[in-house]
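The next block holds one structure in the form of structure tokens; read it before the comments.
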Amino acid sequence: MDFALTLIDWYNLNKRQLPWRETDDPYKIWLSEVIFQQTRIEQGLAYYHSFTGRFPTVQHLAQASEDEVMKLWQGLGYYSRARNLHTTAKTIVEKFNGRFPDNYADILALKGIGPYTAAAIASIAFNLPHAVVDGNVMRVISRWFAIDDAVNSTVGKKKIEIVVNELLATHTPGTFNQAMMKFGALFCKPKNPDCESCIFNTACLAFQKGSVGKLPFKIKNQPPKKRFFNYLLLISGKGAYQKVYLNKRVEGDIWQGLYDFPLIETETETEMDVLINSSVWKVVFKDTSPVIIQISRIFKHQLTHQQIFAKFITISTEKNLSETFNDFLYVNLKNLADYPVPRLIEQYLSENGFLN
DNA sequence: AAAGCGGGGGT
DNA sequence: ACCCCAGCTTT
């Protein structure tokens, strides 16, 4: 059985008229593809009409102000799509003389156009043999060939891309691509697909193995780990006598504090601004995982000459130390040198059970 | 390789 | 009140 021909037959019997498919203008095809990225038909359709109405050609879009483009996009979400749309319209006018590029590489190079959109435009507008790989296609192919590599991994994507390009009906790539996506959307659905009446069920490996429900496999995105990064910013004195024990950051440095800061080892860089003496200082951390940053300002007191002003900065989270830190705020020190700061912090944390 | 982007729909 | 979706850019 010829997969592509069978699929296209199915498509011709089942297709509905889609307003944005009734054109061979690459500009409008591009517009529709961008609008319908991550967007449901019901939600995007009105926007497609207002964009083609207000900007019937790429020149109209290129000449518009960014403000107007953004305003027309309002409510659709993923606003970088609108900015890229505008940028690319200007690129096409300036660099391509207003004519949409007609080869895959040039199309792919445009802002906001990735592999999916480039393949869609190349195949639908220019009849070029590039298979689209969107969520629908990944689902159909991963089931048909029982590919259990994660479809959101590089390996899994690559496998699917290779397979679907072999299946592609090279004489009618645009129709094939639309048929694949339509079949995935209407028949090979994410949940409860009607496999019993599927025209491909005898060839579908996942159906034969009973693994349709498990495919496509995706690696679950793990939530950011919350961790505590606690440290002190020490300020002593007042007015002209005030001293801040933290050096201003210079180009290329990591940490130039009075002491080696990190209480917990870190690898991902995190940078934050701290306001000291009316000027902004930058502090850089490293961490092994995404962090949530909270800066707690736990003091609003007058500083007297011999008091240490301890500002506690908490990054992240299983325990929030800021509440327990109030009694650490004022430490009367005759001479700061008598109290090696890291030791003091360590001791405090240890005594309070935070270093286990 | 992995995070971030914005809405809407489902649970 | 969450969780999920999905193509592209950025890091």
Side-chain angles (χ1 to χ4, degrees), chain A residues 20 29-48 50-51 69-89 91 104-124 130-142 149-161 164 177-178 180-182 184-186 188-193 213-227 266-271 284-293 315-316:
Chain A
W20 67 96
I29 291 168
W30 163 58
L31 207 49
S32 69
E33 289 301 337
V34 172
I35 287 173
F36 291 119
Q37 284 166 10
Q38 292 97 4
T39 305
R40 282 158 220 274
I41 304 304
E42 314 84 69
Q43 198 201 352
L45 201 49
Y47 288 84
Y48 175 72
S50 58
F51 267 82
V69 175
M70 297 308 289
K71 207 154 264 173
L72 214 55
W73 195 269
Q74 203 164 60
L76 251 195
Y78 281 120
Y79 294 90
S80 65
R81 289 186 292 171
R83 275 190 299 277
N84 290 336
L85 205 65
H86 194 214
T87 304
T88 288
T91 303
Y104 183 77
D106 282 348
I107 297 171
L108 183 61
L110 296 168
K111 265 283 186 215
I113 297 185
Y116 164 77
T117 310
I121 297 171
S123 65
I124 297 171
H130 294 272
V132 299
V133 180
D134 74 345
N136 292 309
V137 175
M138 291 193 287
R139 191 167 56 252
V140 174
I141 297 297
S142 67
D149 302 85
V151 296
N152 54 354
S153 72
T154 311
V155 172
K157 271 204 223 15
K158 193 74 202 166
K159 278 194 185 179
I160 288 171
E161 190 189 308
V164 71
N177 282 336
Q178 292 178 72
M180 276 293 290
M181 293 189 283
K182 211 73 202 151
L186 295 183
C188 199
K189 296 181 293 186
K191 287 182 184 173
N192 308 320
K214 293 180 167 42
L215 297 174
F217 173 69
K218 287 175 196 168
I219 298 165
K220 52 176 182 0
N221 49 335
Q222 46 193 1
K225 266 188 267 172
K226 298 177 173 183
R227 302 175 62 183
T266 65
E267 273 175 29
T268 317
E269 228 172 67
T270 303
E271 185 177 301
V284 174
F285 303 83
K286 293 192 152 199
D287 189 348
T288 52
S289 62
V291 293
I292 290 174
I293 300 175
I315 300 184
S316 178

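Residue numbers start from 1 in every chain, and the chains themselves are labelled A, B, ... in the order their sequence lines are given, proteins ahead of strands.
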Provide the distance between the two [atom1] atoms, one in [N] and one in [M], to the nearest whole Å.
{"N": "B/dG4", "M": "C/dC3", "atom1": "P", "result": "15 Å"}
{"N": "B/dG6", "M": "C/dT11", "atom1": "P", "result": "14 Å"}
{"N": "C/dA6", "M": "B/dT11", "atom1": "P", "result": "15 Å"}

Answer with base, sugar-phosphate or nothing: what part of the nucleic acid does A/S153 contact at a heavy-atom distance below 4.0 Å? nothing
Mind checking A/Y78 for me? I need base, sugar-phosphate or nothing, with any heavy atom below 4.0 Å counting as a touch. base
Atom pair distance, as rounded to whole Å: [atom1] in [X] and [atom2] in [N]:
{"X": "A/K157", "N": "C/dA6", "atom1": "NZ", "atom2": "P", "result": "12 Å"}
{"X": "A/Q74", "N": "B/dG6", "atom1": "CD", "atom2": "P", "result": "13 Å"}
{"X": "A/I219", "N": "C/dC4", "atom1": "CD1", "atom2": "P", "result": "15 Å"}
{"X": "A/R81", "N": "C/dA6", "atom1": "CZ", "atom2": "C1'", "result": "10 Å"}
{"X": "A/Y79", "N": "B/dC5", "atom1": "OH", "atom2": "P", "result": "13 Å"}
{"X": "A/F36", "N": "B/dG8", "atom1": "CZ", "atom2": "P", "result": "15 Å"}
{"X": "A/Q37", "N": "B/dG8", "atom1": "CD", "atom2": "C1'", "result": "17 Å"}
{"X": "A/R83", "N": "B/dG4", "atom1": "CZ", "atom2": "C1'", "result": "12 Å"}

Applying side-chain hydrogen bond (donor to acceptor under 3.5 Å, both in side chains), name anything that partners [X], two or more places apart in sequence or on another chain.
{"X": "A/K159", "result": "A/D149"}
{"X": "A/S123", "result": "A/N177"}
{"X": "A/T39", "result": "A/R81"}

Partner set under side chain to side chain contact (heavy atoms under 4.5 Å, CB included) for [X], not counting sequence neighbours:
{"X": "A/L72", "answer": "A/S50, A/F51, A/R54, A/F55"}
{"X": "A/V140", "answer": "A/M180, A/F183, A/C188"}
{"X": "A/T91", "answer": "A/T87, A/K95, A/F96, A/L110"}

Rounded to the nearest 0.5 Å, the NZ atom of A/K157 sits from the CE atom of A/M138 at a distance of 6.0 Å
For the CD1 atom of A/I160 and the CZ atom of A/R139, what is their distance to the nearest 0.5 Å?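 Between A/I160 CD1 and A/R139 CZ, I get 11.0 Å after rounding to 0.5 Å.
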Heavy atoms within less than 4.0 Å of DNA chain C: which residues of residues 38-47 of chain A have one? Give them sorted by number. A/Q38
For A/K158, all residues meeting salt bridge (Lys or Arg N to Asp or Glu O under 4.0 Å), sequence neighbours excluded: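 So A/K158 forms a salt bridge (Lys or Arg N to Asp or Glu O under 4.0 Å) with A/E161.
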To the side chain of A/K191, which of C/dG7, B/dT11, B/dG7 is closest?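 Closest nucleotide among those given: B/dT11.
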Quick one: which of B/dG7, C/dC5, C/dG7 gets closest to the side chain of A/K218? C/dC5
Listing for DNA chain B: consecutive Watson-Crick or G-U pair runs of at least 3, distance cutoff 3.5 Å, ranges ordered by first number, gives B:1-5 with C:7-11, B:7-11 with C:1-5
Identify the pairs formed between an N or O of the protein and an N or O of nucleotides 9-11 of chain C at a distance under 3.5 Å, and give each distance.
| residue | atom | partner | partner atom | Å |
| --- | --- | --- | --- | --- |
| C/dT9 | OP1 | A/G112 | N | 2.6 |
| C/dT9 | OP1 | A/I113 | N | 3.3 |
| C/dT10 | OP1 | A/K111 | NZ | 3.3 |
| C/dT10 | OP2 | A/K111 | NZ | 3.1 |

Scan residues 106-119 of chain A for pairs that pass salt bridge (charged side-chain N to carboxylate O under 4.0 Å, His left out), counting only residues two or more places apart or in two chains. none
Which residue pairs satisfy the salt bridge (charged side-chain N to carboxylate O under 4.0 Å, His left out) criterion with at least one member in residues 29-46 of chain A, sequence neighbours excluded?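 Only A/R21-A/E33 qualify under salt bridge (charged side-chain N to carboxylate O under 4.0 Å, His left out).
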Is a side-chain donor or acceptor of A/S153 paired with a backbone partner of A/A150 at a separation under 3.5 angstrom? yes
